[in-house]
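Proteins get letters first, then strands, A, B, ... in listed order; numbering begins at 1 in each.
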Amino acid sequence: MRYNIGRVLLALLFLWMMTGNCLGAVDYDHLFRQSSDLMAQGDLDGALALLKKVPTPAPGEDAGAFVSSRMQAARIHASQKAPDKAIADCQEVLTLFPDNSEARNFVAALKEQAKPAWHTVLSDTIRFLPSLAKGALTTLLLVLCTMLVSPLGGLLVALGRISTLRPISGLCWLIIWFFRGTPLLLQLFFIYYGLPSLGITMSPLAAAVLGLGLNYSAYLGEIIRGAIQSIDHGQMEAAKAIGMSYGQAMRRIIIPQTYKRLMPPIGNEFIALIKDTALVSTIAMVELMRAADQLFNTYFNITALALAAVIYLLLTTIFTFIFEKIEYRAGIYEHR
Amino acid sequence: MSIANQPLLELKNITKRFKDLTAVNGVNLTVASGEKLVIIGPSGSGKSTLLRSINMLEEIEEGTINFEGREVGYVLRNGKRHPDRPQAISALRAEIGMVFQHFHLFPHMTVLGNVMEGPLTVQRKTADEARSIAIDILEKVGLSDKRDVFPATLSGGQKQRVAIARALAMRPKLMLFDEPTSALDPELVGEVFDTIHTLADEGMTMIIVTHHMGFARELADRVIFMESGSFLAQGTPEELFSIAHDNERIRGFLNRLL
């Protein structure tokens, strides 16, 4: 008898547990399945209504179904582009379980998504700008150095080309032939990586200015030669007729008249130069292109490249404006 | 030998060839100090080439140039004739003024700048000295009011007067005029002619190559008719016109001009 009573009590306890726990679990299971079916049918509101039936658990009660239902609701609201409601769903979870990482991450992601696109671009810009600005300064330094060196080199080469002394004109022809005939990239490699094997080493900046300077001297040389030869021959004769030497005539009469004619093609070359400095990134110089490339590879963020494009445009625009002003000033005697 | 008796310029056997064309063919010419010489003749007769040979703008193949009694322009080296050192040629040119048909003013300099340029750069005078020389000469050619403008704004006649002033600023001993009025509109010829006339009255030695018969008739001590690189006839204006009476070629040329 005792034995029977014990078995009955045990069975009753088992039954109670079954009805108390498993019945409820089966219930929610059924509910989740139903809501999934409704979602599959596209009835999101119906699914939401079902999920909301899962009540807030009392303290100590099992909260698994509650958390699952609210998070599912949050996902549905997010998919309905209702981030506020989705956040409210998560908040329900968080009031009970402030440390629930799923809800917290979801809220963070929703808040991130809720920011407008310009906000993201702006924060990227602020993040990238310091290193891009540093790169841009290096680019500017390269451009200014080359702009200083190459017109002088170009003038020398041009005067050499029109010299009646054959060895000098031949040498200058050779210089132009070589530096216009080979890629700038190759020249930079040769100077930076090749010359050290001949015992000549130099800093990346020196190598870059030398490479760009030689290359642009060759181009400007031909432009300057053309401009000098385009000046009416009578100017040279008139200068000689008052007793000027060839050098005086060139310096005082011929070359000053070339300035106006030189500005458009030289401006063109200098615009190309601003962009050609990007090639210097291959010889260990962190200029604008290299800086943008580094950011792009680190963050995989296209904003870095777009910003670099904007800075290049800014530089070329500023220089175009300056060249136009100089061109006008150089030709002022024709306007009056 | 006194300088007064010595000719300012003496050309002997001047010959200039362009490839197979002989532009000037063995010309001899003596110009006395203060003389006004006018060279006329058809286009391509070698007048301009002869004039340009005098200040070495053309290199001659044969002949000698004597200026103030010394041989100038060329030196013998290893039995071969070469142009003299550039400095010597520049020094010669500094003493001989030249005016071109197309003015060749320096467009990037003001009128004053053009006239100052020779004294300033060639004679290395100070800017103040050069300026006061230029101001005086511009006054003389009647262009003081155009001092600060650029040549582009001047008329052809004004340009040529500035060109004359530019040459005069060097205080030359001889002036060469290469068709000074040929590029001018007819109504502008007069002012340039007057300027040259004033200069002639002051005793400047000058050689004028021209088609403008006014120069020959009113200004010349001697007129030379040149054709095919040689002097066909020369003499005072009256003499030349009487020669023209008998010489069909000269008469034909003058008739076309008059």
Side-chain angles (χ1 to χ4, degrees), chain A residues 151 155 158-160 162-169 223-224 226-266 323-336, chain B residues 48 51-52 54-58 85-111 113-124 148-154 159 162-163 165-172 175-178 183:
Chain A
L155 181 61
L159 291 174
I162 56 180
S163 166
T164 47
L165 296 170
R166 296 287 297 164
I168 290 179
S169 65
I223 292 171
I224 294 170
I228 288 174
Q229 289 179 335
S230 77
I231 302 297
D232 177 16
H233 191 63
Q235 290 292 311
M236 180 55 97
E237 289 202 335
K240 283 181 171 177
I242 57 170
M244 283 196 191
S245 67
Y246 179 81
Q248 287 171 332
M250 273 292 169
R251 189 167 47 81
R252 299 278 305 171
I253 307 300
I254 307 297
I255 291 171
Q257 290 184 53
T258 64
Y259 295 156
K260 184 187 159 61
R261 295 176 199 201
L262 281 176
M263 280 322 291
I266 285 189
F323 297 147
E324 276 170 7
K325 280 266 174 274
I326 296 176
E327 183 188 339
Y328 179 80
R329 296 285 312 166
I332 202 117
Y333 56 84
E334 288 171 8
H335 308 304
R336 280 186 194 162
Chain B
S48 288
L51 200 71
R52 291 160 56 80
I54 295 170
N55 71 348
M56 303 289 297
L57 287 180
E58 300 289 349
R85 293 174 300 115
Q87 297 94 313
I89 292 174
S90 292
L92 173 70
R93 286 172 178 155
E95 302 202 316
I96 301 176
M98 181 146 190
V99 173
F100 300 87
Q101 179 180 354
H102 294 289
F103 333 128
H104 300 325
L105 291 181
F106 306 136
H108 58 303
M109 295 176 174
T110 61
V111 165
N114 267 271
V115 182
M116 281 172 68
E117 187 58 19
L120 195 67
T121 304
V122 179
Q123 297 176 331
R124 303 212 173 275
D148 298 317
V149 305
F150 286 96
T153 62
L154 299 177
K159 282 180 185 168
V162 174
R166 179 176 65 183
L168 289 178
M170 293 295 288
R171 304 258 178 256
M175 283 288 287
L176 308 176
F177 292 91
D178 189 1

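- Ranked by heavy-atom pairs shorter than 4.5 Å toward chain B, the options A:Arg251, A:Met244, A:Gln235 are led by A:Gln235.
- Looking at every heavy atom in both residues, B:Phe100 comes nearest to A:Ala238 through CE1-CA, 3.7 Å.
- Annotation for A:Ile242 and B:Val122: closest pair O-CG2, 3.5 Å, computed over non-hydrogen atoms.
- Heavy-atom distances place the side chain of B:Met109, and not its backbone, under 4.5 Å from chain A.
- Residue B:His108 touches chain A through both its backbone and its side chain, counting heavy-atom pairs closer than 4.5 Å.
- Here A:Asp232 contributes atom CG and B:His102 contributes atom NE2; the two are 9.0 Å apart, rounded to the nearest 0.5 Å.
- Residue B:Leu105 touches chain A through its backbone alone, counting heavy-atom pairs closer than 4.5 Å.
- In this structure, chain A has heavy atoms under 4.5 Å from both the backbone and the side chain of B:Arg166.
- Heavy atoms of A:Ala239 lying under 4.5 Å from chain B belong to its backbone as well as its side chain.
- The minimum heavy-atom distance between A:Gln248 and B:Thr121, with the atom names listed, is NE2-O, 3.2 Å.
- Taking NE2 of B:His104 as the reference point, atom NE2 of A:His233 lies at 9.0 Å (rounded to 0.5 Å).
- When heavy atoms are compared at a cutoff of 4.5 Å, B:Pro107 approaches chain A by way of both its backbone and its side chain.
- In this structure, the portion of B:Ile96 lying under 4.5 Å from any heavy atom of chain A is its backbone and not its side chain.
- Of the two parts of B:Leu168, neither the backbone nor the side chain holds a non-hydrogen atom closer than 4.5 Å to a non-hydrogen atom of chain A.
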